[in-house]
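Below is one structure; the comments refer to it alone.
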Amino acid sequence: MDTIIGLGGGACVAFLGIYMLVSGDCRLLHGYHYATTPVAERPVLARENGACLIACGIGVAISIPSFLPDWTTAIGIVLIVLSLVGMFASIIRHNGGLITGGEVSYLSSLNPKLRFLALGLLGAALACAAIVPGAHMITTGDVSSLHDYHYAGVAAADLPRLATSEGSCMVGIGVSIFLCFLAAAGMVRRPFKRWAVVLMSLGTLLFMLSLIGLLLFIPYYGGSLTPVE
């Protein structure tokens, strides 16, 4: 079953990417991902996201099947994360933001300080969903927040280290979410604020590294990313 899911799912994702890469049609993206993208740039947006989807499909195909060696799982996870970051970067560069158009038009009308406060509070609330359980794992060494197959093969002596590693990555993801929401306050219209671009870049980099670590620490300590029969 994991082979069917991995190869089949990866093939579907890659096929969508090939279509976008060849056709230059961006309509497979949500409308708010290209709502403010200049018409002349939309084929480029489609092809860049298509290339990322192909990489993501390959990553899925080699990271899930259990008959493949463990090192392919690591490569697959890295491909998936890098392709997602690439898609986000492409959309932000061409569209001016991940979500633009009518969905966020009210943000541009807010006072800059109020917009910064509103997005900061929302980002903080969402960040807590990752930071709180991550901090709990770090302080207690308890890995029960993970699926049981994530730590079933981990030696008892390594469980506290796994908890610290996974918890730190979860905290990193939470902090990255908060940074990206703060940055969004300065990216509702072009030209973007320089501080917002720097903050968004830092948040995206931290998210990417934290997500890679979150996934790779499990097999590193002897756990499994897929259910073990």
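Throughout, residue positions are numbered sequentially from 1 according to the sequence presented.
- Taking Tyr221 as the reference, nothing meets the ring pair (Phe, Tyr, Trp, His ring centres under 6.0 Å) condition, with sequence neighbours excluded.
- When the ring pair (Phe, Tyr, Trp, His ring centres under 6.0 Å) test is applied to His147, the partners found at least two apart in sequence or on another chain are Tyr149, His150.
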Can you check side-chain contact (heavy atoms from CB on, under 4.5 Å) on Leu146 and Leu162, steps first, answer last? CA-CA 10 Å; Leu146 303 174; Leu162 174 63; 4.3 Å; yes
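- Listed by chain and residue number, Met187, Lys193 satisfy the side chain to side chain contact (heavy atoms under 4.5 Å, CB included) test with Ala196 (two or more places apart in sequence, or in another chain).
- Residue pairs meeting the salt bridge (charged side-chain N to carboxylate O under 4.0 Å, His left out) criterion with at least one member in residues 210-224: none, sequence neighbours excluded.
- Residues forming a side chain to side chain contact (heavy atoms under 4.5 Å, CB included) with Ile138 (at least two apart in sequence, or on another chain): Ser168, Val171.
- Between the CG atom in Leu199 and the CG atom in Leu179 there is a gap of 5.0 Å [rounded to 0.5 Å].
- Every residue two or more places apart in sequence or in another chain that forms a side chain to side chain contact (heavy atoms under 4.5 Å, CB included) with Met170 is listed here: Pro133, Met137, Leu214.
- Applying the side chain to side chain contact (heavy atoms under 4.5 Å, CB included) criterion to Phe116, with sequence neighbours excluded, gives Leu182, Ala185, Trp195.
- Members clustered with Val198: Leu202, by chain and number, using a 4.5 Å side-chain heavy-atom cutoff among hydrophobic residues.
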Which donor-acceptor pairs under 3.5 Å do side chains of residues 22-29 form with protein atoms, sequence neighbours excluded?
residue, atom, partner, partner atom, Å
Ser23, OG, Tyr19, O, 2.6
Ser23, OG, Asp25, N, 3.2
Asp25, OD1, Arg27, N, 3.0
Asp25, OD1, Arg27, NE, 3.1
Asp25, OD2, Tyr19, OH, 3.0
Asp25, OD2, Arg27, NE, 3.2
Asp25, OD2, Arg27, NH2, 2.9

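- For Asp142, there are no salt bridge (charged side-chain N to carboxylate O under 4.0 Å, His left out) partners at least two apart in sequence or on another chain.
- Within the structure, side-chain hydrogen bond (donor to acceptor under 3.5 Å, both in side chains) contacts touching residues 125-137 (residues at least two apart or in different chains) do not occur.
- Linking Ile, Leu, Val, Met, Phe, Trp and Tyr residues whenever their side-chain heavy atoms come within less than 4.5 Å places Leu209 and Ile173 in a single cluster.
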Show me, pair by pair, the donor-acceptor contacts under 3.5 angstrom made by side chains of residues 118-132, not counting sequence neighbours?
none

